[in-house]
Number of protein chains: 2
Amino acid sequence: MHSQEELLDFIKNGHKQYLPHVSIDPVIFGYSDQKLKILLLKWKGLEGWGLPGGYIKREEPISQAANRILEERTGLKNVFLQQFYTFGDSHYRTHEQSLKEITQEQGEDILKGSWLFERTLSISYFSLVDHSKVNVTTDFFTYDYHWFGIDEIPELLFEQNEVVDKALTTLRLQLYHQPIGSNLLPEKFTLPEIHSLYETILDKKLDQRNFLRKMMTLGIIKKLDEQRSIGAHRSPFLYQFEKENYEEALKQGIIHAN
Amino acid sequence: MHSQEELLDFIKNGHKQYLPHVSIDPVIFGYSDQKLKILLLKWKGLEGWGLPGGYIKREEPISQAANRILEERTGLKNVFLQQFYTFGDSHYRTHEQSLKEITQEQGEDILKGSWLFERTLSISYFSLVDHSKVNVTTDFFTYDYHWFGIDEIPELLFEQNEVVDKALTTLRLQLYHQPIGSNLLPEKFTLPEIHSLYETILDKKLDQRNFLRKMMTLGIIKKLDEQRSIGAHRSPFLYQFEKENYEEALKQGIIHAN
DNA sequence: TTATCAATCCGTCAAATTAACGGAATAAAA
DNA sequence: TTTTATTCCGTTAATTTGACGGATTGATAA
């Protein structure tokens, strides 16, 4: 994947191409088997789990950087990806230990003063992706990955549990106001599908009829007059997202009137 | 205030003390005469208006940096200050033009390669302060300040109108869920005072009785059994914030049940 | 062909919340 | 004691939310 030469070049010269002191760390939620999971990578040297991450190119808009980094790790383009917070309080992340391991055989000279040792702020994004479409590629610092159910997240490196928690809170808060489901469901989906998705994300039973009413009232989805033929039972109607309406819902919906 | 020597040292050596590429830019809302205003500074050289800003010290947590920067410009400590977004898309802010003016007499040599010329991401916070308690101090780059009503914000430097807009939207969204008013009102305040504050911030009439009921239901304020003696009229009761309840309200209140 | 099964679909009523509304009480000054 | 400006409060209608179960459909099995 990445040759040792590339790695050494990255350590020595990465700061010429990337902004130092700032990384982008997406919390990637995936959905499969009615479970909500997040993608974590296993660090070389540190032998612990952490979020995928990457650096911003010197001339690259940060939203573009976030999309690029997501694509580099997952292969996915054009998915919902939203910034939610920038961490830089207790979070003095560096790659020191990790790099010592990786570059052991080279001696430690090359590490002296590397940009990767410096304090790094973390601009965090979250994303929801279709688990089955993801093709994970590890990066220089990592060698394995795993999708962890959100109730089985281990203690993470770099104090990233806080990041994950805030991502989840934000996801749930915005669920009715951002086109969050649109990467997880097929273009046309059934009511039970989206219903189950929302129940999973909120970790809560939602009455089916009330759920439908709410989604229709907010204008988030619209009913088509097609049905899908599922195996053995009654054919469910298909629905589609109405993306244009989401942000409206946000503004109208949360600023409590009067 | 700042000597020319200090400025030159800051230009040449600031990157040893501060993280380059990242600034903190608080949108400081002030309230007076029933108007909502923001504090803008006038840039030397560029002759335009922009947000106050500052850099993060190399070992300083960012929330602490934000508070320090706010204090440096306004003299205020311990006020409500909240991060809301990190801008870095179209926002390639540098101090190049400004610095050329300021350091004119020194020749331009010192500017070569200054850390201040590099691209800077902006971690943005907003704050609400009591206009009358603020003691504005300009910084190296600025020489004047003004409180602009939010409906009379000029075109800002560094594409900061976007920042201000997002700050205002966020402020309004969170008004019922964060202890936002607590820096703007005295410890004990009357119902008409807080009512008028909320009307001003939301730019909207709020029915007085319904407003009271809502604040009480959310547990944001509590009624004391003291009254204040105002000049000529009926004595209003006093109220106090119940800060502990705000964040509760956030979690319980926005995640729409069922 | 019919019965069975598993899943989807839908409507009503009660409870809670929100929105609209005006008149009585108070404190000082005239 | 009257006037004036201001605070205080309660009720009703409309809307939204929450709870609830029975009828329909599409295929498979008898």
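Proteins come first, then strands; the chains are lettered A, B, ... in the order of their sequence lines, and each starts at number 1.
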What is the distance, rounded to the nearest whole Å, between atom [atom1] of [X] and atom [atom2] of [N]?
X      : N      : atom1 : atom2 : answer
B/Y239 : D/dT7  : OH    : P     : 12 Å
A/K214 : D/dA19 : NZ    : P     : 13 Å
A/Q227 : C/dC9  : CD    : C1'   : 10 Å
A/H195 : C/dT8  : NE2   : P     : 10 Å
A/N210 : C/dC13 : CG    : P     : 15 Å
A/Y176 : D/dT17 : OH    : P     : 11 Å
A/M215 : C/dC10 : CE    : C1'   : 18 Å
A/L212 : D/dA19 : CG    : P     : 17 Å

Using a distance-only criterion (donor-acceptor N/O pair, under 3.5 Å, no hydrogens), is the base of [N] paired with the side chain of [X]?
X      : N      : result
A/H233 : C/dA7  : no
A/R209 : D/dC20 : yes
A/R213 : C/dG11 : no
A/R234 : C/dT8  : yes

Between [N] and [X], is there an OP1 or OP2 to side-chain N/O distance shorter than 4.0 Å?
X      : N      : value
B/K205 : C/dC21 : no
A/K223 : C/dC10 : yes
B/S229 : C/dA28 : yes

Nearest-neighbour nucleotide for the B/A232 side chain, C/dC9, C/dA29, D/dC9 considered: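 Nearest to the side chain of B/A232 among the choices is C/dA29.
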
Among C/dC10, D/dG26, C/dA28, find the nucleotide with the atom closest to the side chain of A/S235. D/dG26

So that I can tick it off, tell me whether A/R68 and A/E72 are bridged by a salt bridge, with the cut-off set at under 4.0 angstrom between side-chain N and carboxylate O. yes

Mind telling me whether A/Y176 and A/Y198 have parallel, tilted or perpendicular rings, with 30° and 60° as the class edges?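 Correct class here is tilted.
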
Sugar-phosphate, base or nothing in reach of A/T217, heavy atoms under 4.0 Å: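 No contact.
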
Under 4.0 Å, counting only non-hydrogen atoms across every strand here, what does A/T190 touch: a base, just sugar-phosphate, or nothing?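 Contact class for A/T190: none.
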
Inter-residue atom distance B/I123.CD1 - B/I24.CD1, 0.5 Å rounding: 5.5 Å

Do A/F158 and A/V163 have side chains that approach each other closer than 4.5 Å (heavy atoms only, starting at C-beta)? no

Give a yes or no on whether the backbone of B/G149 and the side-chain of B/E152 come within a donor-acceptor separation of less than 3.5 Å.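 Yes; at least one donor-acceptor contact below 3.5 Å.
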
